[in-house]
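In what follows, every chain begins at residue 1, and chains take the letters A, B, ... in the order their sequences are listed.
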There are 4 protein chains.
Amino acid sequence: MRVKRKDTKKRILESALRLFSEKGIRETTIKDIAKDVGITEGAIYRHFMSKDEIVKELFSMYSEEFYNRLVSAFEEKTYKEKFYRMVKEFLKFCFENPEAFKYLNIFHYLKAEEVKEFLKLPKDAIIKLLEEGKGVIKVRLELALAMFVGTLERVFCSLRLVSLKERKV
Amino acid sequence: MRVKRKDTKKRILESALRLFSEKGIRETTIKDIAKDVGITEGAIYRHFMSKDEIVKELFSMYSEEFYNRLVSAFEEKTYKEKFYRMVKEFLKFCFENPEAFKYLNIFHYLKAEEVKEFLKLPKDAIIKLLEEGKGVIKVRLELALAMFVGTLERVFCSLRLVSLKERKV
Amino acid sequence: MRVKRKDTKKRILESALRLFSEKGIRETTIKDIAKDVGITEGAIYRHFMSKDEIVKELFSMYSEEFYNRLVSAFEEKTYKEKFYRMVKEFLKFCFENPEAFKYLNIFHYLKAEEVKEFLKLPKDAIIKLLEEGKGVIKVRLELALAMFVGTLERVFCSLRLVSLKERKV
Amino acid sequence: MRVKRKDTKKRILESALRLFSEKGIRETTIKDIAKDVGITEGAIYRHFMSKDEIVKELFSMYSEEFYNRLVSAFEEKTYKEKFYRMVKEFLKFCFENPEAFKYLNIFHYLKAEEVKEFLKLPKDAIIKLLEEGKGVIKVRLELALAMFVGTLERVFCSLRLVSLKERKV
DNA sequence: CATGAATGAGGTTTCATTCAT
DNA sequence: TATGAATGAAACCTCATTCAT
């Protein structure tokens with residue numbers, strides 16, 4: 001059965017996201033993606049001008065969503081509410097798009113330059129939030145804890161979130 | 001002009017760690033490392049059998065230290081003490097070896113299989129810790145917060161910890 | 001200018017066989033083969049996964065044929081007939097495929113381990129043949145003679161069989 | 001216990017001969033030879049200007065001896081005696097110096113150009129011998145037989161002459 | 001539009017040889 | 001003299017990209 005042409009671009013992005021998050025960006029070849037989609041190398045270039053375009057399109061897609069969700073937290077009034085909302089949005093994104101979350105992490109490790117823009121707002125805003133929201137986050141110890149436990153999440157993420165999902169955290 | 005030094009192996013590891021943590025493992029070539037050390041590509045191979053050996057040696061070096069520090073926390077008696085100690089060790093490692101910390105993160109993103117063994121103990125032990133130490137960490141909300149803020153740290157880390165260092169968090 | 005041909009794999013094998021038999025296996029580079037075929041080095045790797053795969057494919061191709069021909073001699077009834085038939089098959093192969101014959105020789109000098117299996121049957125069978133066929137081959141002196149003259153053929157072979165061919169031995 | 005300096009050159013040649021005949025010339029590195037002798041790479045260059053010098057010195061040493069022995073056969077009077085003597089000398093050389101015999105074979109496969117001079121005389125002389133000595137060798141069939149059985153010897157040779165030695169052919 | 005062979009730049013690795021110690 | 005780290009040329013191989021079909 002023939003697959004609709006329009007889907008091809010979407011399917012390329014889906015395969016690329018999965019492979020990139022599983023194996024890494026450099027470790028995934030155009031051939032890998034093509035095979036996963038069920039087309040050939042050349043066909044990819046009907047839909048994207050280069051591998052980098054795929055990489056960047058995936059980044060825009062998900063970083064934008066991620067960014068918008070985080071920023072939406074600032075609609076709330078109090079620091080406490082902003083904070084909780086942001087956490088909620090963050091977690092929602094992570095659990096809804098584990099592959100995308102892992103991909104964003106890989107991406108920002110490897111492409112620090114290109115990622116700065118994206119990080120700019122959340123970083124500044126969040127630092128301010130942290131400072132002003134001392135009552136909420138009980139600075140120093142809590143931050144320390146948070147940083148530490150944040151590593152857990154990275155671990156879970158790399159184990160494909162299986163444990164966390166099962167445990168319904 | 002030819003220079004002979006005894007510490008070449010050490011210098012290769014230092015350069016590799018820095019370059020890997022800056023640019024990524026695949027993105028760093030043997031030539032990059034050689035140039036950074038001030039030798040030629042071939043010379044690397046007197047000290048390491050392959051690029052992968054460098055990658056793995058760096059991983060063992062630092063993962064072992066990291067692991068041992070985390071595990072040392074279990075010497076403490078109460079959950080509270082264990083927790084604080086672990087956090088302390090974790091942060092100490094991060095701030096003393098920011099490049100190594102970033103490298104370990106990159107490594108475990110890309111080499112998930114090889115890294116599982118290393119993660120085994122901390123993961124299980126820490127999950128138990130989290131469960132049994134509910135009084136300390138106020139589960140769910142705190143964990144959520146932690147996961148979120150942990151992402152900050154990753155951001156800071158990828159920006160070379162500059163902000164964090166200056167801010168003396 | 002880019003040309004597309006369907007028989008590239010075959011042409012690679014032909015060039016490789018000739019170059020290997022002329023210069024040796026290690027002495028022939030992928031670049032040599034590519035240039036001889038009229039393609040680039042990279043193109044070779046669409047058809048073979050490695051240089052060693054070329055080496056081994058050539059070996060299977062011709063060793064199988066050679067082997068089957070020799071073994072076919074055992075269809076004959078008497079020792080005398082078996083012997084003559086085997087000689088006939090042997091010579092036929094040598095004169096029809098001088099490059100392959102030289103290649104098999106080079107190969108078994110350099111890859112003694114891998115070649116043992118192939119040599120097993122002919123060796124055992126032939127030793128038996130020699131023993132039981134004393135009447136035909138007048139053992140000791142004849143064998144000695146044979147070994148000696150066999151060296152001649154190696155010489156001729158390495159000189160590309162030119163002399164032998166012209167002389168219609 | 002210190003090994004005498006004078007021996008070193010000889011020991012290099014011995015190790016080289018063995019390794020070359022076992023693994024091939026290109027397949028044997030200067031480091032392999034050095035390790036086998038029990039010295040370091042640099043030390044080899046006290047005794048030989050290059051790897052090729054070792055290769056060529058081994059060839060001269062043994063090809064000269066081989067050549068002289070074969071040529072000595074022409075001291076005999078009759079064709080029959082010449083023939084038998086040549087065979088005898090040939091076999092003596094092979095069994096006394098199996099590694100050298102294998103080395104000469106490898107060498108002349110790979111260095112056809114350089115070896116021609118050496119082969120010139122025996123080849124011509126022997127062809128004449130074969131022609132004139134028809135009574136002895138019963139041309140055509142016997143030559144064919146010989147060529148065939150000569151392959152056996154190549155097989156035995158590559159199996160390190162073990163079988164032949166044990167069987168006292 | 002799709003295919004997949006071919007390109008070509010660039011990566012990893014090998015190793016004969018040199019040379020500071 | 002001996003050592004073995006370093007050089008540098010050249011080998012093998014990879015892969016994003018192009019293009020004839």
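Between the CG atom of D:D52 and the C1' atom of E:dC15 there is a distance of 15 Å, given to the nearest Å. Atom pair D:E27:CD and E:dT14:C1' shows a separation of 13 Å (rounding to whole Å applied). Protein atom NZ of B:K35 is 18 Å distant from nucleotide atom P of F:dA6, rounded to whole Å. Summarising the geometry, the separation between CD1 on C:I44 and P on E:dG4 is reported as 20 Å, rounded to the nearest angstrom. Rounding to whole angstrom units, CD1 of residue A:I12 and P of E:dC1 are separated by 12 Å. Between D:F48 atom CZ and F:dA2 atom P there is a gap of 13 Å when expressed in whole angstrom units. Rounded to an integer number of Å, the gap from D:R46 CZ to E:dT17 P is 16 Å.
Proximity of D:K23 to D:D32: side-chain heavy atoms (C-beta onward) are separated by under 4.5 Å at one or more points. Put simply, the side chain of A:D36 reaches to within 4.5 Å of the side chain of A:R18, judged on heavy atoms. Within the 4.5 Å cutoff, the side chain of C:I44 has heavy atoms near those of the C:I54 side chain.
Under a 4.0 Å N-O distance rule, the pair A:D7/A:R11 does not qualify as a salt bridge. A salt bridge is absent between A:E57 and A:K10: the closest approach of a Lys/Arg side-chain nitrogen to an acidic carboxylate oxygen does not fall below 4.0 angstrom.
Each of D:I33, D:I30, D:L13, D:V55 was scored for a side chain to side chain contact (heavy atoms under 4.5 Å, CB included) with D:F48, with one residue passing: D:L13.
Mapping D:M49 and C:T40 onto DNA chain E by nearest heavy atom places C:T40 closer to the 5' end of the strand. Across the interface with DNA chain F, nearest-nucleotide mapping of C:G42 and B:I39 shows B:I39 to be the residue nearer the 5′ end.
At the phosphate of F:dA6, OP1 or OP2 sits under 4.0 Å from a side-chain N or O atom of B:H47.
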Discussion item. Let's test your reading of the pairing rules: Watson-Crick or G-U wobble, both distances under 3.5 Å, then write DNA chain F as a dot-bracket string with ( ), [ ], | and dots.
Written reply: .||||||||||||||||||||
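Ring geometry for C:F59 against C:F107 counts as parallel: the plane angle stays under 30°, on a 0 to 90° scale with 60° as the upper cut. Ring geometry, A:Y103 versus A:F20: the interplanar angle falls under 30°, so the pair is classed parallel (tilted spans 30 to 60°).
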Pairs under 3.5 angstrom, nitrogen or oxygen only, protein versus nucleotides 10-12 of chain F, please.
{"from": "F:dC12", "atom 1": "OP1", "to": "C:K51", "atom 2": "NZ", "distance (Å)": "2.9"}
{"from": "F:dC12", "atom 1": "OP2", "to": "C:I30", "atom 2": "N", "distance (Å)": "2.9"}

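Applying the side-chain contact (heavy atoms from CB on, under 4.5 Å) test to D:A100 and every residue at least two apart in sequence or in another chain returns D:L17, D:Y62, D:F93, D:N97.
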